[in-house]
Student: 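My structure is below; once you've seen it, I'll send some questions.
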Amino acid sequence: MSDDLRLWAVRGATKSRSNNPDTIVEAAEELMRELMSRNELEPQRMVSCIFTSTHDLNAEFPAVAARNLGLDAVPLLCASEIDVPGAMPSVIRALVHYDAPQDHRPAHTYLGEAQELRSDLKAAQ
């Protein structure tokens, strides 16, 4: 990494319409496309990506979406979100680590109903 770059992390979330492999991948792809677009991310600048999903989404790994988008060289990890009573169901979250210029500002991305998770981040909507 050059001196003009530093390590950043950006968060995002979305909801899947159902616990179906296709809908999980579709939702995760939309989230990743938005995170990559809003942060001008190219795969070679991405360091790693961690996905979580709520316990009701277990039909597919959200990381499949990242592979579909060409992130073959980026380490990916999927995990279950803590099952907190009353928490929003059917949520896929992503945490992406990447290199960017020192003056970059991460554009966190919360889509659809998942916007309610971080209403404090107006720029994330």
Side-chain angles (χ1 to χ4, degrees):
M1 183 166 65
S2 73
D3 290 337
D4 60 331
L5 298 178
R6 66 161 271 207
L7 180 64
W8 294 91
V10 67
R11 295 258 339 250
T14 192
K15 285 190 71 169
S16 178
R17 293 185 323 260
S18 66
N19 185 32
N20 171 287
D22 292 337
T23 56
I24 291 170
V25 170
E26 178 183 297
E29 276 189 25
E30 179 186 23
L31 176 60
M32 288 303 295
R33 284 183 202 281
E34 282 295 317
L35 279 168
M36 291 172 72
S37 174
R38 293 180 188 191
N39 290 282
E40 300 178 358
L41 294 178
E42 299 167 359
Q44 63 271 19
R45 288 192 14 233
M46 298 173 74
V47 175
S48 66
C49 185
I50 300 168
F51 293 95
T52 65
S53 57
T54 51
H55 68 89
D56 56 326
L57 296 179
N58 61 7
E60 185 58 274
F61 296 105
V64 169
R67 294 285 180 240
N68 290 348
L69 295 175
L71 304 180
D72 297 326
V74 178
L76 307 173
L77 178 68
C78 293
S80 291
E81 194 70 32
I82 297 170
D83 188 16
V84 175
M88 184 181 290
S90 304
V91 175
I92 298 167
R93 291 173 172 86
L95 174 64
V96 180
H97 299 93
Y98 58 98
D99 295 324
Q102 298 283 341
D103 61 351
H104 171 77
R105 291 294 168 252
H108 303 289
T109 304
Y110 291 78
L111 304 176
E113 291 178 59
Q115 291 177 15
E116 296 173 24
L117 297 170
R118 290 301 306 266
S119 60
D120 60 313
L121 293 176
K122 297 299 180 197
Q125 317 309 327

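Note that these values count all heavy atoms, side chains included, but never hydrogens, waters or copies made by symmetry. All values derive from a computational prediction rather than experimental measurement. The first residue in the sequence is number 1, and the count goes up from there.
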Student: To check you understand the geometry: which heavy-atom pair defines the closest contact between A27 and K15, and what is its length?
Tutor: CB-O, 3.7 Å

Student: Answer yes if L69 and L111 sit in the same cluster of Ile, Leu, Val, Met, Phe, Trp and Tyr residues linked by side chain heavy atoms under 4.5 Å apart, and no otherwise.
Tutor: yes

Student: Where is the tightest heavy-atom contact between V10 and A107, given as atom of each residue plus distance?
Tutor: CG2-O, 3.4 Å

Student: Would you confirm whether W8, through its side chain, and P101, through its main-chain N or O, come within 3.5 Å as a donor-acceptor pair?
Tutor: yes

Student: Taking the side chain as every heavy atom from C-beta outward, state whether M32 and F51 have any atom pair closer than 4.5 Å.
Tutor: yes

Student: Of the non-hydrogen atoms in P62 and A28, which two are nearest, and what is the gap between them?
Tutor: O-CB, 3.7 Å

Student: Can you tell me how far CG of D56 sits from CE of M88, rounded to the nearest 0.5 angstrom?
Tutor: 11.5 Å

Student: Going from CG on L71 to OG on S48, what distance comes out if it is rounded to the nearest 0.5 angstrom?
Tutor: 11.5 Å

Student: Would V74 and L77 show up in the same hydrophobic cluster when neighbours are defined by side-chain heavy atoms closer than 4.5 Å?
Tutor: no

Student: First locate atom NE2 of H108, then atom CZ of R11, and finally report the distance between them rounded to the nearest 0.5 Å.
Tutor: 8.5 Å

Student: Do R17 and E26 meet the salt-bridge criterion of a basic N to acidic O distance under 4.0 Å?
Tutor: yes

Student: So which of H104, Q44, E42 actually passes side chain to side chain donor-acceptor pair (under 3.5 Å) with Y98?
Tutor: H104

Student: T23 versus E60: any side-chain heavy-atom pair under 4.5 Å?
Tutor: no

Student: When hydrophobic residues are tied together by side-chain contacts of less than 4.5 Å, even through go-betweens, does V25 share a cluster with L35?
Tutor: no

Student: Only counting residues at least two apart or in another chain, list the ones meeting salt bridge (Lys or Arg N to Asp or Glu O under 4.0 Å) with E34.
Tutor: R38

Student: Do R67 and D72 make a side-chain contact, defined as non-hydrogen atoms from C-beta onward lying under 4.5 Å apart?
Tutor: yes

Student: Could you tell me the separation between the OG atom of S18 and the CG atom of L57, rounded to the nearest 0.5 Å?
Tutor: 8.5 Å

Student: Looking at side-chain heavy atoms only, is the closest gap between R93 and T54 below 4.5 Å?
Tutor: yes

Student: Would you mind writing out the side-chain donor-acceptor pairs for residues 78-86 within the sub-3.5 Å range, not counting sequence neighbours?
Tutor:
from : atom 1 : to  : atom 2 : distance (Å)
E81  : OE1    : T52 : OG1    : 2.5
D83  : OD1    : H55 : NE2    : 3.0

Student: Are L7 and D99 close enough that some pair of their side-chain heavy atoms sits under 4.5 Å apart?
Tutor: yes

Student: To the nearest 0.5 Å, tell me how far T109 OG1 sits from M36 CE.
Tutor: 12.0 Å

Student: Does N19 use its side chain to pair, donor to acceptor, with the backbone of N58 at less than 3.5 Å?
Tutor: yes

Student: Is there a path from L41 to L76 through hydrophobic residues (I, L, V, M, F, W, Y) whose side chains come within less than 4.5 Å of each other?
Tutor: yes

